[in-house]
Amino acid sequence: MGSTDTSAHGSLSEVVRDRYHQAGWWRESTVLDDFLAVAAARPDAPAIVSYRVDPNRTGPAPAPHRLTYGELGELVDRCAVALLDLGVESGDVVSMQLPNSWEFVALALAAARVGAAVNPLVPILRHRELSFILGRTASRVCVMPHMFRGYPHGQLLSDVAKDLPQLEHAFVVGSPDETPLPAGTESFEAHFLGRTAADPEQIATLDARRPKGDDVAEIQFTSGTTGEPKGVVHSWNTVWSAARVWPEVLGLGAGDVAFMASTLAHQTGFLYGVIVPMSMGMTVVFQDVWDPAEFIRICDRERVTYTVGATPFVLDAVAAQRDIGASLETLRYFGCGGAPIPPHLVAASQEVLGAELIAVWGMTENGIVTCTRPGDPVEVVSDSDGTPVPWMEIRVVSPDGVELSPGEVGHLQVRGASQTLGYFQRPDLYQDALRPADDDRGPWFDTGDLARRRPEDGGIRIAGRAKDLVIRGGENVPVVEVE
């Protein structure tokens, strides 16, 4: 039976952990506790609106699936009991390759409900990557859709499971009644949903399994330069610290409506489309496949407050709104990262979408580390990836670790309360990325990114990857800036 490895906590001293707790950046409770409290106090509040716009579907688009917090809470408990019936233990890993949907959220929270860690798998992964990840985590349970974007994920799961004897339970979501299930797979609906609500004794068992803040919450694999995917391990505390950027920096709360089309299996979607809404009691609106015209209509219909996506999402949305001309009277913020933001796009977002662009930088390893702030002028948003959030520190250093002056390009290093605990079963890879500090605030993590500090505000501007640095005449020249 697989279990999560928390040995990476050893990179942080008790002094650092105590500091995070005393500052209020870490806590004993978890996002699961927040969600259960909302479900109990506001059961009729809308929790999820799930749109399916997959162009490869057959027939007309179905109506969005709507769940209140009370309904979602009952589904989470039902799915959690289903995991108990499969023998899932505290510390086990539950894997799932699902599109943005209510099933993703219900299963992720159900895994937490039994004390297991969730392992989200991005929908584009295929046999080779899935075999590696599921083998590394020793997952006993994996859930995939029957079909998504025209690809037979159910058959993929069947093929992968043949080579992984520890993967005892392979479930398929949405298999048509008249279609035989792929060999070795089971129906998600039959096992997880086709049962009565959890009884008081089962609820008591689940409550005894509730995780604590320092327990492992998530293992998310990311590609890198090491030749194999790296399993980024996050506790409930590091997840919570990474997620709190939106409510604390932007002043968002329970009355707001989130929209997420970025896959929930990436850290952006997971943190800002699941963790933030479910912990704050917000409504979250999902789109399973990005469609800018539908995004505009959905934002208008569902009164969306904020979304987060890469720069091309904003370009698409501006173009769609120019054609459609919806009111978009509630849309306030569009978090944007992953690519440079041209100045004209900052102005166009405000003028066309009515939304203020918030430039962000972060990684799977730490969520959003830097961001611009509401009210920042166009030139700051387009020439900056923002200043650090209060619970994270950054520095830009030379190859030999000397901190550089503002304007000089160097290696970007970070540390703080949302930093990953390490790489799953590869402490050597994580140790290789750590750099010693001359204080008691913990080691620095070398991000692999190049950056420069802005003299005006101390913020950063990403200048490329360290492997893309050219040394010319004794000067460091980042390829990105040349391009």
Side-chain angles (χ1 to χ4, degrees), residues 1-4 6 21 26-48 67-96 98 102-120 137-143 168-169 171 173 186-219 234-240 243 254 274-275 277-281:
M1 184 175 297
S3 62
T4 49
T6 59
H21 279 284
W26 282 9
R27 56 184 185 162
E28 293 301 319
S29 60
T30 70
V31 170
L32 174 65
D33 296 320
D34 298 336
F35 165 76
L36 294 175
V38 174
R42 299 169 51 228
D44 296 329
I48 294 176
L67 290 172
T68 66
Y69 271 91
E71 292 167 337
L72 180 59
E74 192 272 334
L75 280 169
V76 167
D77 285 347
R78 192 185 300 183
C79 290
V81 172
L83 291 174
L84 290 179
D85 288 348
L86 298 175
V88 175
E89 300 286 350
S90 295
D92 280 354
V93 178
V94 174
S95 299
M96 55 186 187
L98 292 172
W102 68 265
E103 290 97 337
F104 184 109
V105 179
L107 189 57
L109 292 173
R113 198 81 168 91
V114 300
V118 64
N119 169 222
T137 58
S139 293
R140 296 175 59 226
V141 178
C142 185
V143 181
E168 300 171 8
H169 303 285
F171 289 96
V173 176
E186 305 169 66
S187 166
F188 173 84
E189 287 80 5
H191 181 75
F192 285 83
L193 307 181
R195 58 177 59 232
T196 58
D199 61 38
E201 183 177 349
Q202 292 168 329
I203 296 295
T205 299
L206 295 176
D207 285 341
R209 293 275 199 102
R210 285 201 198 188
K212 302 295 185 185
D214 284 338
D215 290 339
V216 173
E218 172 204 22
I219 304 173
H234 277 287
S235 71
W236 287 105
N237 274 326
T238 59
V239 162
W240 184 62
V274 178
I275 299 299
M278 293 298 100
S279 63
M280 301 295 297

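Sequence positions, counted from 1, serve as the residue numbers for this chain.
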Show, in sequence, the C-alpha distance, side-chain angles and deciding distance for V141 and E168, and conclude whether the side-chain contact (heavy atoms from CB on, under 4.5 Å) test is met.
CA-CA 6 Å; V141 178; E168 300 171 8; over 6 Å; no

Test of understanding: with side-chain hydrogen bond (donor to acceptor under 3.5 Å, both in side chains), list the residues that count as partners of [X], not counting sequence neighbours.
X: E103; answer: S101
X: E28; answer: none
X: H191; answer: none
X: R195; answer: D85

Got a sec, which residues hit salt bridge (charged side-chain N to carboxylate O under 4.0 Å, His left out) with [X], two or more places apart in sequence or on another chain?
X: D199; value: none
X: E74; value: R78
X: R209; value: E89
X: D44; value: none

Are any of the side-chain heavy atoms of [X] and [Y] separated by less than 4.5 Å?
X: S29; Y: W240; answer: no
X: L75; Y: L193; answer: yes
X: W26; Y: D214; answer: yes
X: F192; Y: L86; answer: yes

Open item on the list: Taking D207 first and then R210, would you say they form a salt bridge - that is, a charged N and a carboxylate O separated by under 4.0 Å?
Closed with: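 Here D207 pairs with R210 in a salt bridge, since their nearest N and O are under 4.0 Å apart.
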
Checklist entry - Could R27 and D33 be called an ion pair, given the rule that one side-chain N must be under 4.0 Å from one carboxylate O? => result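 Salt bridge absent between R27 and D33.
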
Kindly write out the residues that satisfy side chain to side chain contact (heavy atoms under 4.5 Å, CB included) with [X], not counting sequence neighbours, or none if the list is empty.
X: V38; result: R42, Y69
X: L72; result: F35, A47, I48, L67, V76, V105, A106, M278
X: A80; result: A110, R113, V114, L206
X: T205; result: L84

Can you name the nearest heavy-atom pair linking [X] to [Y], along with the distance?
X: A198; Y: I203; answer: CB-CD1, 3.7 Å
X: G87; Y: D92; answer: O-OD2, 4.1 Å
X: P43; Y: A40; answer: CD-O, 3.7 Å
X: A190; Y: S187; answer: N-OG, 3.1 Å
X: Q202; Y: A197; answer: OE1-O, 4.3 Å

From [X] [atom1] over to [Y] [atom2], what is the distance, rounded to the nearest 0.5 angstrom?
X: I275; Y: H234; atom1: CD1; atom2: NE2; answer: 11.0 Å
X: C142; Y: H169; atom1: SG; atom2: NE2; answer: 12.5 Å
X: F171; Y: L98; atom1: CZ; atom2: CG; answer: 12.5 Å

Q. L32 and L36: side-chain contact (heavy atoms from CB on, under 4.5 Å), yes or no, with the steps?
A. CA-CA 6 Å; L32 174 65; L36 294 175; 4.0 Å; yes

Identified side-chain contact (heavy atoms from CB on, under 4.5 Å) counterpart of S95 within the set L107, V143, T137: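 The side-chain contact (heavy atoms from CB on, under 4.5 Å) with S95 is passed solely by T137 among L107, V143, T137.
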
Give a yes or no answer on whether the side chain of N237 reaches the backbone of G213 with a donor-acceptor pair at less than 3.5 Å.
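Indeed, once roles are kept as given, a pair shorter than 3.5 Å links the two residues.
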
Would a distance-only check, ignoring hydrogens and angles, find a side-chain to backbone donor-acceptor pair under 3.5 Å from S279 to V31?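 It does not hold such a pair.
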
